[in-house]
Amino acid sequence: MDQSLKSPALSALDNAFHTQVEASRNAPPPALAARLDGLTRLRAMLSENETRLEQAISADFGHRCAVETTIAETLFLQAEIRHTLKALPRWMAPRRIATALQFWPARNRLMPQPLGVVGIIAPWNYPLQLTLAPAIGALAAGNRVMIKPSELTPHFSALLKELIAANFDPAQLTVTGIEDGVAEAFAGLPFDHLVFTGSTRVGRIVAEAAGRNLTPVTLELGGKSPTIVDVSANIDEAAERIAYAKLLNAGQTCIAPDYVFVPEQHADAFASKLHRHMLRMFGTNPANADYTSIISERHYARLEGLLRDAIARGASTLSTTSPEDPAWKKLRKFPPTIVTGASADMAIMQEEIFGPLLPIMPYRQSDDVIRHINAHDRPLALYWFGSDAAARDAVLARTVSGGVTINDCLLHFAQMNQPMGGVGASGIGHYHGEWGFNSFSKLKPVFYRSPFNRMKDLYPPYGASIARIEKLLRFLS
Ligand code: NAD
């Protein structure tokens, strides 16, 4: 498109991209010291502005529990930076790779190199963590990084843009595309790598846009994460852990337990224990500062619709207060609600819930549970509670998911040495720690030939000696 016909937002996007491309192609890759310096500045920026960031996120949500922002966003990022600073010299070093005997005495090395310019598209639910955690990996790998936060977090996005601009050269790290209507153009830029975190629906659109440029993608998507309470589980303990994980950020967590399978004979007891734990954690006062609001009226209405549909199709509900209570609605707080008697025809069992509604699916045989999971999209997370190792291992072996926590929820995500990423409809690729560093690097194989190797014996004209060499190669292969 003619530059003069573009909106100021699109021109700014293009300029930001070209500045970074130019720098990535013309400057040598940043040395270890420069990368450590960038990450250390990011760490300082986070600590110095913790309260402002927390307040901006809360303004976007209507109310976001401050402890949740600290634990799930700020401290998470601080831990990721600390881990990266410590390990980066090792990750950056060329890796020794074995050399087959016939090439001796040569050397193989795997050389990590920055890809160039990495784009990051983030959702609204953990806006700080999901913009910066991929950025940490991408910067550590020596890339230039452009971040596009969600349009649903305008206070946070404006603040992040201001802070990054004050602390980083835009050729290294920049926040852009926070204006309406720029998302598509952002995804269409020919990045060297694009990280998208968001819904599976938009993930498909982004993958298509990236595909046109042959841009490799990391897609961190959503979906329905099943939770299985085995007959061998401690019901009360499971209910308490599931209640916490479901209600963190009012259920607006990609890896929240979406629905729970409970043995038929324990379903009622489990529901009442869950209800008791939910009440104990969050009480009945909508103004409780520990409980987070739903991000927008539209999202609130979607949750009301899911509940209405489930009730109309025969489900029963157990809420910590009346779901129609106007005092809750006024604060956009959605009362924690257990849905019993859920069935496959209900919308609540078909789409990702992403809110504090928890359907319980009673089951008879654990085989039925495995069949149900395998008949649906590969989930981002799966949780299993119990003490029967054979039952646990059968679920682990026969289901495929992005990650699993046994006897709790969410915690596999917090393991810095483990990869984060979905599978199938829940995502492509991985990040966190060294997995992110590798995803955002070209791991370039380099072969250093030895002057003493007799490769020359292979060259034509092929005389009598080639038969001997062939024999040797056959022996070694
Ligand atoms: P979303 O897909 O609506 O939006 C995500 C981002 O995509 C936003 O920045 C948005 O502006 C951008 N976007 C929208 N349309 C676009 C287009 N056509 N081209 C390019 N970009 C576009 O998701 P959301 O509502 O912000 O977040 C909730 C979803 O994200 C849930 O499904 C949740 O499970 C998922 N999620 C996944 C993870 C994970 O790590 N796997 C983490 C958090 C959230």
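In each ligand, atom 1 is the first atom listed, and ligand 1 is the first ligand listed.
- Counting non-hydrogen atoms of neighbouring residues, nucleotides and ligands closer than 6.0 angstrom, the CD atom of E162 exceeds 12 such neighbours.
- Remark: ligand 1 and N125 share no N or O pair separated by less than 3.5 Å (distance only, no angle test).
- Aromatic ring centroids of F261 and H372 lie under 6.0 Å apart.
- Checking G181, S157, G198, G119 against atom 35 (C) of ligand 1, the nearest heavy atom belongs to G198.
- The atoms of ligand 1 that sit less than 4.0 Å from any heavy atom of E184 are 18 (N), 19 (N).
- Atoms of ligand 1 lying under 4.0 Å from at least one heavy atom of E220, given by number and element, are 37 (C), 38 (C), 39 (C), 40 (O), 41 (N).
- Those atoms of ligand 1 that come under 4.0 Å of a heavy atom in I205, given as number and element, are 18 (N).
- Here the heavy atom of the protein found nearest to atom 36 (N) of ligand 1 is C254 CB, 3.4 Å.
- Using a distance-only test at 3.5 Å, with no hydrogens or angles considered, a donor-acceptor pair links the side chain of T337 to the main chain of P335.
- Contact annotation for A187 and ligand 1: only side-chain heavy atoms (C-beta onward) come within less than 4.0 Å of the ligand.
- Remark: ligand 1 atoms within the under-4.0 Å shell around heavy atoms of E151 are 10 (C), 11 (O).
- Taking the six-membered ring for Trp and thresholds of 30 and 60 degrees, F440 and H193 have ring planes more than 60 degrees apart, a perpendicular arrangement.
- Distance check for atom 4 (O) of ligand 1: every protein heavy atom is found at 4.0 Å or beyond.
- Under the 4.0 Å criterion applied to side-chain N and carboxylate O atoms, R398 and D393 are not assigned as salt-bridge partners.
- Under 4.0 angstrom from ligand 1, the non-hydrogen atoms of F196 all belong to its side chain.
- Ligand 1 is never approached by Q252 to a heavy-atom distance shorter than 4.0 Å.
- For the pair L221 and ligand 1, the shortest N or O to N or O distance falls below 3.5 Å.
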Evaluate ring pair (Phe, Tyr, Trp, His ring centres under 6.0 Å) for F413 paired with F76, printing each intermediate quantity in order.
-> CA-CA 10 Å; F413 181 85; F76 180 91; 5.4 Å; yes
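- Under 4.0 Å from ligand 1, not a single heavy atom of R201 appears.
- Each of the following atoms of ligand 1 lies closer than 4.0 Å to a heavy atom of G222: 32 (O), 34 (O).
- If you look at T200 next to ligand 1, there are no close heavy atoms at all, none under 4.0 Å.
- Counting heavy atoms under 4.0 Å from ligand 1, residue T197 touches it through both backbone and side chain.
- Relative to atom 8 (C) of ligand 1, the option among A122, P149, A183, S225 with the closest non-hydrogen atom is A122.
- The residue S426 has no part lying near ligand 1, judged by heavy-atom distances below 4.0 Å.
- Residues T131 and V175 have side chains not in contact (no heavy-atom distance under 4.5 Å, counting atoms from C-beta outward).
- Taking all heavy atoms of V202, I255, T218 into account, the minimum distance to atom 14 (C) of ligand 1 is reached by V202.
- Annotation: cation-pi geometry satisfied between R41 and F168 (NZ/CZ under 6.0 angstrom from ring centroid, within 45° of ring axis).
- We find that E179 and K148 are not joined by a salt bridge, their nearest charged nitrogen and carboxylate oxygen being 4.0 Å or further apart.
- At under 3.5 Å, a nitrogen or oxygen of E352, whether backbone or side chain, sits near a nitrogen or oxygen of ligand 1.
- Close contacts between ligand 1 and P123 involve ligand atoms 24 (P), 26 (O), 27 (O), 43 (C), 44 (C) [criterion: under 4.0 Å to a heavy atom].
- Under a 4.0 angstrom heavy-atom cut-off, Y126 registers as lying outside contact with ligand 1.
- Interface atoms of ligand 1 facing M420, defined by a heavy-atom separation under 4.0 Å, are 40 (O).
- M146 places a side-chain heavy atom less than 4.5 Å from the side chain of F191.
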Report the C-alpha distance between W91 and H83 in whole Å, list the side-chain angles of each, state the deciding distance to 0.1 Å, and finish with yes or no for ring pair (Phe, Tyr, Trp, His ring centres under 6.0 Å).
-> CA-CA 11 Å; W91 297 345; H83 178 70; 5.8 Å; yes
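- Checked against the 6.0 Å centroid threshold, W328 and F282 do not count as a close aromatic pair.
- Contact check on R64 versus E73 returns a salt bridge, with a Lys/Arg side-chain nitrogen under 4.0 Å from an Asp/Glu carboxylate oxygen.
- A salt bridge does not link R204 to E208: none of the charged nitrogens lies less than 4.0 Å from a carboxylate oxygen.
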